[in-house]
Amino acid sequence: MPDATTTTTTPAQSLHHGLTAEEVRALTEKSLDARGRAYCPYSSFRVGCALLLHPSSSNPQTPPTTTPTIIQGANVENAAYPVGTCAERVAVGTAVVQAGLRRGGVKAVGVATDIQGFASPCGMCRQFLREFLDLDTPIFMHNRDGEYEVRSLGELLPMSFGPDTLPPAREMERMRGEGGKA
Ligand code: THU
């Protein structure tokens with residue numbers, strides 16, 4: 001019989017932002033590993049990203065498995081500076097092509113940099129992630145030491161414009177026909 005000081009830990013209670021300890025460990029490890037793959041000769045600012053994907057329901061091309069599927073990305077810079085791409089968008093593009101990522105298919109995002117603070121995804125990447133993440137999806141932002149802070153996408157991108165904002169094209173045409181003057 002447990003006494004008053006005994007706590008019973010159920011699997012649900014041990015979840016951290018909806019992730020098991022093992023998933024958090026894997027996300028951290030892969031985020032830091034991805035950071036090591038950055039191509040950033042111009043800024044020297046390495047960014048790694050790891051996407052923890054839900055099992056196959058949202059990702060039809062991902063075989064059912066109990067081990068978490070994690071897709072990595074890193075920033076890829078270019079001599080023509082604006083052409084360079086952020087780690088987050090590299091990871092999402094890779095996940096779409098390699099794992100069949102579709103909307104709602106991401107369970108968590110990890111990012112990692114070399115700074116002491118906790119760098120968050122840039123505005124363009126927040127919007128890019130918005131296409132595929134639910135607003136409550138956690139984003140683990142790692143600093144140089146592998147410590148992290150967590151925010152949901154909805155916290156990082158309030159009042160956002162997403163795929164659900166757009167009415168179907170036919171409906172939009174009808175609405176334009178009704179109300180449009182020009
Ligand atoms: N960078 C990312 O990869 N992700 C972000 O969200 C912010 C910035 C990269 C772009 C560039 O290669 C370097 O960091 C410095 O801006």
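Starting from 1, each residue takes its place in the sequence as its number. Remember, it's 1-based here, ligands and their atoms both numbered in the order they're listed.
- The aromatic rings of H17 and F140 sit perpendicular to each other, their planes meeting at more than 60°, with 30° as the lower class boundary.
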With a cut-off of 3.5 Å and sequence neighbours excluded, list every side-chain donor-acceptor pair involving residues 83-90.
none

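- Ligand 1 is surrounded by S43, F45, V47, N75, E77, C86, A87, E88, P121, C122, each with at least one heavy atom closer than 4.0 Å.
- Pairs engaging residues 117-136 under the side-chain hydrogen bond (donor to acceptor under 3.5 Å, both in side chains) rule: S120-R126, R130-S160, R130-D164 [sequence neighbours left out].
- Using bins of under 30°, 30° to 60° and over 60° for the plane-to-plane angle, the ring pair Y148/H142 lands in the perpendicular bin.
- By the criterion of side-chain heavy atoms lying less than 4.5 angstrom apart, applied directly or through intervening Ile, Leu, Val, Met, Phe, Trp or Tyr residues, L101 is not grouped with L52; the two fall into different hydrophobic clusters.
- D33 meets the salt bridge (Lys or Arg N to Asp or Glu O under 4.0 Å) test with R37; sequence neighbours excluded.
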